[in-house]
Peer 1: 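One structure follows; several queries about it will come next.
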Number of protein chains: 2
Amino acid sequence: MSAFLGLYIHSFRIHTIAHSPITTMSHSYTEENYIKAIYKLSANGTQEVNTNAIAEVLETKAASVTDMLRKLSAKDIVNYVKYKGVSLTEQGERVALQIIRKHRLWETFLVEKLKFNWDEVHEVADEMEHISSTLLTNRLDEFLGFPKFDPHGDPIPSETGEMKQIKQRLLSDMEVNDAGVVVGVNDSQPLFLQYLDKMGIALGSKIKIIDKIPYDNSLEINLEDNKKLLISSEVSKNIFLSA
Amino acid sequence: MSAFLGLYIHSFRIHTIAHSPITTMSHSYTEENYIKAIYKLSANGTQEVNTNAIAEVLETKAASVTDMLRKLSAKDIVNYVKYKGVSLTEQGERVALQIIRKHRLWETFLVEKLKFNWDEVHEVADEMEHISSTLLTNRLDEFLGFPKFDPHGDPIPSETGEMKQIKQRLLSDMEVNDAGVVVGVNDSQPLFLQYLDKMGIALGSKIKIIDKIPYDNSLEINLEDNKKLLISSEVSKNIFLSA
DNA sequence: CAGTGAATTTAGATTCACCTAAAAATAAAA
DNA sequence: TTTTATTTTTAGGTGAATCTAAATTCACTG
Ligand SMILES: [Mn+2]
Ligand SMILES: [Mn+2]
Ligand SMILES: [Mn+2]
Ligand SMILES: [Mn+2]
């Protein structure tokens, strides 16, 4: 087999071979966390991700990040140019999407099947997303009925990395008299989600903007056609409504 | 709270406090594998576990085991005397039982909910047993209906570490005309379980011994009152029947 | 466009889990 | 009871992932 591959490399295209998934390379727990962090940071802006940003989200030091970037670059997971920032290669993006798939499927499992609250699942899923078996991932997906969105409204990548993209806009970007349904949150931290629970805001809640206070950009909203609420700017920047 | 505990230590028994779970210490993935290995090796014989045995089951070298034993000894997880072997402390046994609890609950989940075959679950569970959340473990237990045995017939420890012990004996120890129900296997390796599948032997199967061939200790058995089978000595040493 | 400040990388160390080779202790045989 | 064989430990070292401190490069500003 090894001999055959050797032949193949010499007869055809070396480059394709190097990038192809003949060796479905596996990555350490740590490498996977870096890959996910880079994916999430590049999802926002379209530019290269910088070292300090990665260090911050992973709660590590810039020097450690540089080490890892060199390593991931050698593995062809990232495009890395010294001092110029980093981005995922196609292979890297595929890996990232599989980690995110697992994260969001497990979050869905925890909420749907084990009755976790949506603010309790992130930390646990951060561990479970590293379980390697793809059979497990696909069976879990099936068991859950092939869900397209996780408990925070985030899309779940399919086995091939595709996700449903829904049109959404931030509550903070809407105008008086606009209305919509809550379809996602921009922040999955427990404190924020607990606040939403307390206010009675959940995925699926109907919201209409009644008034906008220019002084601090807070909003007066109507929740489910009856309850009036005051929402700060910080909060409205973290709620997505259907567009 | 801390102040109160301080008082308690001085007023009553220092030793109990030192062993109590004030600091619910956490253990690395690697440490947990050693703890589990030592538990399983001491479950058989009652004597101390020796270094080479641990090295063998963990597929590592004796020198590495010695390093880890010193480390686990410092953490009060094992009683370790140089050259004399090792055993788990009470705390170590508690930790081991929680790992085994998770392993067996996840195996049960995989078979009951995700339709895995019983020969496919061990490797996956070896990863999942390290997920730390006790809330997750207990919710999973509840979701599965508090099962008492895993897909291989092994007892599942409760949150407090208790397990149902069923009376069982090896098929190889039984006599002609004895009968019983399969309640467990002594070997969970895929190849053995696949062989049982092929033969139609599963947990719950009724078996009666028809004849015993002295030459090689193989058995002629009746499976489910109709099917006649020939079972080698190796196989019969790995099947438990109800006593 | 030189000069400062921030971002990034390098240099050098540490900890964890592992290894090989050699020494020491224990167990088995002669 | 010596001698020999086996088991176990020590000594010394490696790679992964981390750190601090110092050097370098980049970006902005006067
Ligand atoms: Mn999450
Ligand atoms: Mn989520
Ligand atoms: Mn198992
Ligand atoms: Mn089992």
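Each chain gets a letter, A, B and so on, in the order its sequence line appears, and its residues count up from 1. Because the structure is predicted, anything quoted here is derived from the model rather than measured.
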Peer 1: Taking side chain as C-beta onward, heavy atoms only, is V111(A) less than 4.5 Å from E107(A)?
Peer 2: no
Peer 1: Between protein and nucleotides 23-26 of chain C, what N or O pairs are separated by less than 3.5 Å?
Peer 2:
none

Peer 1: Rounded off to whole Å, could you give me the CZ-to-P distance for the R70(A) and dT8(C) pair?
Peer 2: 15 Å
Peer 1: For N50(B) and N52(B), indicate whether the former's side chain and the latter's backbone hold a donor-acceptor pair under 3.5 Å.
Peer 2: no
Peer 1: Pick base, sugar-phosphate or nothing for S64(B), based on heavy-atom distances below 4.0 Å to the nucleic acid.
Peer 2: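 S64(B): base contact, heavy atoms under 4.0 Å.
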Peer 1: Looking for any heavy atom pair under 4.0 Å, which part of the strands does T51(B) touch: base, sugar-phosphate only, or nothing?
Peer 2: sugar-phosphate
Peer 1: Write down the distance between CG (L72(B)) and C1' (dC16(C)), rounded to a whole number of angstrom.
Peer 2: 13 Å
Peer 1: Which is true for T66(A) with a 4.0 Å heavy-atom rule: it touches a base, it touches only sugar-phosphate, or it touches nothing?
Peer 2: base
Peer 1: With nearest nucleotides of DNA chain D determined for L69(B) and M68(A) from heavy-atom distances, which residue corresponds to the more 5′ nucleotide?
Peer 2: L69(B)
Peer 1: Given atom CG of N50(A) and atom C1' of dT25(D), what is their separation to the nearest angstrom?
Peer 2: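 About 15 Å, once rounded to whole Å.
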Peer 1: Would you call the rings of F143(B) and F109(B) parallel, tilted or perpendicular if under 30° counts as parallel and over 60° as perpendicular?
Peer 2: tilted
Peer 1: In whole Å, I'd like the distance from the CD1 atom of I54(A) to the P atom of dT9(C).
Peer 2: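 Distance check: I54(A) CD1 to dT9(C) P gives 9 Å.
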Peer 1: Rounded to whole Å, how long is the line connecting atom CG of N52(B) with atom C1' of dT9(D)?
Peer 2: 11 Å
Peer 1: Nearest-Å distance, CD (E48(B)) to P (dA27(C))?
Peer 2: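 Going from E48(B) (CD) to dA27(C) (P), I get 13 Å.
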Peer 1: Under 4.0 Å: is that the gap between some side-chain N or O of Y80(A) and OP1 or OP2 of dT8(C)?
Peer 2: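 Answer no for this pair, as no side-chain N or O of Y80(A) is under 4.0 Å from OP1 or OP2.
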Peer 1: Any side-chain heavy atom of E159(B) within less than 4.5 Å of one from T137(B)?
Peer 2: no
Peer 1: Please determine whether any donor N or O and acceptor N or O are separated by less than 3.5 Å between the side chain of D67(B) and the base of dC18(C).
Peer 2: yes
Peer 1: Indicate, with a heavy-atom threshold strictly under 4.0 Å, whether Y29(B) touches base, sugar-phosphate, or nothing.
Peer 2: nothing
Peer 1: What integer distance in Å separates Y34(A):OH from dA16(D):P?
Peer 2: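 Spelled out: OH on Y34(A) to P on dA16(D) is 14 Å.
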Peer 1: Take the protein atom NZ of K61(A) and the nucleotide atom C1' of dA16(D), then report the distance between them rounded to whole Å.
Peer 2: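 About 19 Å, once rounded to whole Å.
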Peer 1: Hey, what do you get for CD (E90(A)) to CG (N79(A)), rounding to the nearest 0.5 Å?
Peer 2: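 The CG atom of N79(A) is 10.0 Å from CD of E90(A), to the nearest 0.5 Å.
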Peer 1: Under the criterion side-chain contact (heavy atoms from CB on, under 4.5 Å), which of V49(B), I38(B), I54(B) is the partner of V65(B)?
Peer 2: I54(B)
Peer 1: What nucleotide among dC19(C), dA11(C), dT9(D) has an atom nearest to a side-chain atom of T60(B)?
Peer 2: dC19(C)
Peer 1: Is the cationic atom of R139(A) (NZ for Lys, CZ for Arg) positioned less than 6.0 Å from the six-membered ring centroid of F116(B) and within 45 degrees of its normal?
Peer 2: yes
